[in-house]
Amino acid sequence: MPKRRSYSTEFKLEAIEMAKQPGVTKTQIAKDLGINPNMIGRWEKELAESGSNAFPGQGKSRDEEVTALKRELASAKKELSFLREAAAYFAKGRK
């Protein structure tokens, strides 16, 4: 069974805006974007009902993710620094 695809808020809003263009059908837009035509209608309905609170997402906020990645990067830099110092120490002992 294939995994369920998720789309960003920006993608959904842009698809809705593209569907509002004159002379273009939702089916054409959906085909170009590689999605089911019913999804655009569902997204329009959700946007109309929820307004600015539409498409809240299910994952972590970007700020939390960035903070976690910065923490991980700092840890990796600390390890790299330690390994460089250890390599330099052992290289001195060989001469």
Side-chain angles (χ1 to χ4, degrees):
M1 184 174 210
K3 280 191 170 183
R4 185 176 206 166
R5 294 189 305 185
S6 61
Y7 302 96
S8 69
T9 301
E10 293 83 15
F11 180 86
K12 293 176 183 180
L13 293 173
E14 192 167 323
I16 292 169
E17 288 301 315
M18 290 171 69
K20 290 180 182 178
Q21 298 294 325
V24 181
T25 65
K26 290 179 187 177
T27 306
Q28 289 174 325
I29 299 298
K31 186 176 180 182
D32 291 344
L33 296 175
I35 60 175
N36 187 317
N38 296 331
M39 293 180 83
I40 295 176
R42 188 178 336 143
W43 294 339
E44 284 178 330
K45 182 180 175 186
E46 187 176 340
L47 182 62
E49 290 174 356
S50 301
S52 63
N53 295 329
F55 321 123
Q58 297 175 349
K60 296 179 183 178
S61 71
R62 289 185 185 238
D63 293 337
E64 291 175 12
E65 187 176 359
V66 168
T67 302
L69 289 172
K70 284 182 179 180
R71 215 175 298 126
E72 187 178 338
L73 178 62
S75 174
K77 283 183 177 180
K78 194 183 262 187
E79 284 180 34
L80 181 61
S81 173
F82 173 77
L83 291 173
R84 283 185 181 155
E85 289 175 14
Y89 174 79
F90 287 114
K92 287 181 185 176
R94 287 188 151 177
K95 290 182 181 178

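By convention here, the first residue in the shown sequence is residue 1. Quick caveat: nothing in here was measured; it's all calculated off a predicted structure.
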Checklist entry - In this structure, are over 12 heavy atoms from other groups packed under 6.0 Å from Glu14 atom CD? => result no
Item to check | Pairwise distance CG(Leu47) to NZ(Lys12) - rounded to 0.5 angstrom | outcome: 10.5 Å
Item to check | Smallest separation among heavy atoms of Trp43 and Ala15, with atom names | outcome: CZ3-CB, 4.0 Å
Next on the checklist: Using salt bridge (Lys or Arg N to Asp or Glu O under 4.0 Å), reason through Lys26 and Glu44 one step at a time and then give a plain yes or no.
Outcome noted: CA-CA 11 Å; Lys26 290 179 187 177; Glu44 284 178 330; 2.6 Å; yes
Next on the checklist: Could you measure the distance from the CG atom of Leu73 to the CG atom of Leu80? Nearest 0.5 Å is fine.
Outcome noted: 10.5 Å
Next on the checklist: Distance check, rounded to the nearest 0.5 Å: Ser50 atom OG versus Lys45 atom NZ?
Outcome noted: 10.5 Å
Next on the checklist: If I take atom CG from residue Leu33 and atom CE from residue Met18, how far apart are they, to the nearest 0.5 angstrom?
Outcome noted: 5.0 Å
Next on the checklist: Do Ile35 and Phe11 have side chains that approach each other closer than 4.5 Å (heavy atoms only, starting at C-beta)?
Outcome noted: yes
Checklist entry - Looking only at heavy atoms, which two atoms of Asn36 and Ala30 are closest? And how far apart? => result C-CB, 4.0 Å
Item to check | Steps toward side-chain contact (heavy atoms from CB on, under 4.5 Å) verdict (Glu65, Leu69) | outcome: CA-CA 6 Å; Glu65 187 176 359; Leu69 289 172; 4.2 Å; yes
